[in-house]
Amino acid sequence: MRHDRLRRGRLAASLLTAGLVAGTLAACGSSGGGSSDAMKAHGPITIWYSNNEQEVQWGKAMVSAWNSAHPKEQIKAQEVPAGKSTEEVIGAAITAGTTPCLVFNNLPAATGQWQKQGGLVDLSKFSDGAKYIEARSGDAAKQYKSADGDYYQMPWKQNPVMIFYNKAIFQKAGLDPANPKLSTYDDFLAAAQKIKSSGAAPYAIYPAPTSEFFQVNFDYLPLLAAQTGGKTFIEDGKATITGQDSLDVANFWKQIYSDGLAGKEQYQGDAFADGKSAMAIVGPWAIAYYGDKVQWGSVPVPTKDGKSADQTYTFPDAKNIGMYTSCKNQGTAWDVIKFATSKEQDGKLLDVTGQMPIRTDLASTYSSYFQAHPAYKEFGEQSAHTVDDPTGTNTIAQMQALRDAYTKSVVNGSGSVEDAFKAAADKIDKLQSQK
């Protein structure tokens with residue numbers, strides 16, 4: 001979610017450093033998994049959940065429901081401890097052996113790093129582990145497998161990102177606020193130019209131009225997913241960023257920056273809420289966040305030649321559930337995961353937070369919710385077409401290499417995209433070979 005990303009942004013570099021330390025520690029540690037005795041053990045467990053207000057509300061209610069029915073397997077719950085970032089807190093806790101049994105806030109891109117550190121339980125080792133995960137999440141689950149083919153994270157919830165646009169600014173610019181033409185690169189650029197030239201807003205769109213690794217998830221990678229029909233920047237163990245689709249996406253963004261349609265300096269505030277930009281790339285969290293402050297509409301991210309909404313992929317901005325090897329009662333922890341991701345609890349999560357459970361047939365399963373909350377319907381439909389970051393041991397460092405090339409060639413316009421992305425691809429492939 002937005003405030004989570006802003007918090008992570010302040011110390012993204014620290015996570016990279018933590019990753020290097022974790023890699024060194026992993027050389028003398030285990031590769032994770034979980035002992036068979038612990039996986040059968042039942043009793044009290046501890047969990048952490050996000051400090052997001054709505055998730056805390058859901059988490060407390062979920063814990064209360066479980067505890068009332070399981071007097072001998074009580075959950076002790078708290079928000080993720082304060083720290084520079086959730087990822088750094090978890091990494092440090094793995095090293096110290098102080099992780100809880102479950103964390104309901106795992107960044108998928110960090111999974112491989114924590115797995116290498118020996119911190120995560122292999123959920124596939126439970127007798128119904130992979131079967132349960134794949135029955136709930138369907139084909140979407142497969143992208144969360146680790147390199148060994150097992151699941152070290154439970155796919156949980158997502159915030160598929162789309163284009164939010166300000167209807168009042170569009171109308172002021174002479175664009176149709178009810179049905180804007182934004183589906184192709186040419187249409188998007190034409191609308192963006194009209195917004196700027198008309199003076200309706202200083203910028204058409206204002207994604208964060210900063211160089212933290214995760215920022216690629218909110219400009220480049222959603223459009224790459226859309227353009228490629230559901231692929232990310234590494235496929236079959238190789239970087240794909242020198243392919244034509246990737247270069248088309250990057251050069252589209254480069255034109256936006258070179259034409260002054262997006263800001264190159266970090267904005268201190270929310271450019272979309274403040275009327276400084278006409279569009280933003282956001283997930284369903286934005287509906288409650290912007291509320292009545294902005295008259296907004298939403299459309300899928302653009303592609304080069306345009307695609308229908310039901311064929312357009314995007315980035316999910318997911319958070320998953322991790323079980324940690326320090327947990328003594330992993331049998332209970334696995335039962336809690338299944339309880340917390342049941343049809344009933346997923347419905348409550350959706351109702352309280354507006355975030356989309358990663359499960360099959362979401363729109364039909366919770367049709368009454370989407371009928372009562374039509375603003376969320378498009379996001380519910382979009383949730384069936386998302387692709388997340390890879391799950392490798394060096395994903396974060398690989399994303400940083402990509403972001404550095406993007407910042408240099410796309411945002412700052414220094415040199416060609418082709419040269420910068422070729423150099424980044426070489427770094428990504430080298431990191432991919434380091435297990």
Side-chain angles (χ1 to χ4, degrees), residues 2 158-196 198 200-201 203-208 217-230 245 248-249 252-253 255-256 261-262 270-273 275-317 354-356 362-363 370 373-387:
R2 179 178 179 273
Q158 59 175 322
N159 284 272
V161 301
M162 300 178 71
I163 300 290
F164 253 35
Y165 65 93
N166 185 314
K167 292 183 176 182
I169 291 178
F170 268 54
Q171 187 164 15
K172 185 177 178 181
L175 300 168
D176 184 354
N179 188 30
K181 294 179 66 177
L182 296 169
S183 64
T184 72
Y185 293 169
D186 287 344
D187 285 343
F188 193 100
L189 287 166
Q193 292 283 7
K194 199 166 185 180
I195 289 163
K196 186 173 178 64
S198 68
Y203 298 100
I205 194 167
Y206 211 133
N217 290 331
F218 306 102
D219 44 34
Y220 169 75
L221 288 180
L223 272 66
L224 181 68
Q227 184 61 26
T228 59
D245 284 333
D248 285 343
V249 171
F252 164 74
W253 278 114
Q255 185 171 350
I256 285 178
L261 305 175
D270 188 313
F272 186 69
K276 300 298 182 182
S277 71
M279 293 179 280
I281 298 181
V282 296
W285 57 265
I287 295 173
Y289 179 80
Y290 291 118
D292 297 329
K293 292 182 288 188
V294 180
Q295 298 175 35
W296 56 267
S298 60
V299 295
V301 298
T303 56
K304 185 176 181 179
D305 299 316
K307 293 182 180 180
S308 61
D310 63 353
Q311 296 296 315
T312 304
Y313 280 76
T314 191
F315 176 72
D317 194 14
Q355 299 181 61
M356 307 291 151
L362 181 74
F370 291 108
H373 303 84
Y376 291 84
K377 185 177 180 182
E378 284 184 298
F379 289 97
E381 294 169 348
Q382 182 68 79
S383 69
H385 303 283
T386 59
V387 59

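Sequential numbering from 1 along the given sequence is applied to the chain's residues.
When the side chain to side chain contact (heavy atoms under 4.5 Å, CB included) test is applied to Lys196, the partners found at least two apart in sequence or on another chain are Leu261. With sequence neighbours excluded, the residues that form a side chain to side chain contact (heavy atoms under 4.5 Å, CB included) with Ala173 are Leu175, Ile195, Ser198, Ala200.
Side-chain atoms of Phe379 and Ile287, non-hydrogen and from C-beta on, do get closer than 4.5 Å to each other. Between Pro284 and Pro160 there is a side-chain heavy-atom pair separated by less than 4.5 Å. At a threshold of 4.5 Å between non-hydrogen side-chain atoms, the residues Trp253 and Leu223 count as touching. Counting only heavy atoms from C-beta outward, the side chains of Phe272 and Ile169 never approach each other to under 4.5 Å. In this structure, the side chains of Phe315 and Phe218 come closer than 4.5 Å at one or more pairs of heavy atoms.
Atom OG1 in Thr314 sits 11.0 Å away from atom CG in Asn159 (nearest 0.5 Å). Note that the OG1 atom of Thr303 and the CG atom of Asp245 stand 10.0 Å from one another [nearest 0.5 Å]. How far CZ of Phe170 is from CD of Gln295: 13.5 Å, rounded to the nearest 0.5 Å. Once rounded to the nearest 0.5 Å, the distance linking CD of Gln193 with CD of Gln255 reads 7.0 Å.
Shown here for Ala225 and Val387, the closest heavy-atom pair between the two residues is CB-CG1, 3.1 Å. For the pair Ser298 and Tyr165, the tightest heavy-atom approach, listed with the atom from each and the gap, is N-CE2, 3.6 Å. Smallest separation of non-hydrogen atoms from Ala375 and Trp296: CB-CH2, 3.8 Å. Closest heavy-atom contact between Pro177 and Lys167: CB-O, 3.6 Å. Heavy-atom minimum distance, Ile256 versus Leu189: CG1-CD2, 3.7 Å. Across Val301 and Ile163, no two heavy atoms sit closer than the pair CA-CG1, 3.9 Å.
Using cut-offs of 30° and 60° for the angle between ring planes, the Trp285 and Tyr290 rings count as tilted. The aromatic rings of Phe252 and Phe188 sit perpendicular to each other, their planes meeting at more than 60°, with 30° as the lower class boundary.
The backbone N or O of Gly230 sits nowhere less than 3.5 Å from a side-chain atom of His385 that would complete a donor-acceptor pair. Lys307 contributes a side-chain N or O that, together with a main-chain N or O of Ala226, makes up a donor-acceptor pair within less than 3.5 Å. Between the side chain of Gln382 and the backbone N or O of Val161 there is no donor-acceptor pair closer than 3.5 Å.
Checking Gln158 against Thr386 by side-chain atom types alone, a donor-acceptor pair falls below 3.5 Å. Checked by atom type, the side-chain pair Thr184/Asp186 shows no donor-acceptor distance below 3.5 Å.
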Check the pair Val294 / Phe164 against side chain to side chain contact (heavy atoms under 4.5 Å, CB included), numbers first and verdict last.
CA-CA 10 Å; Val294 180; Phe164 253 35; over 6 Å; no
Give the C-alpha distance, both sets of side-chain angles, the deciding distance and a yes or no for side chain to side chain contact (heavy atoms under 4.5 Å, CB included) between Tyr376 and Met356.
CA-CA 9 Å; Tyr376 291 84; Met356 307 291 151; 4.0 Å; yes
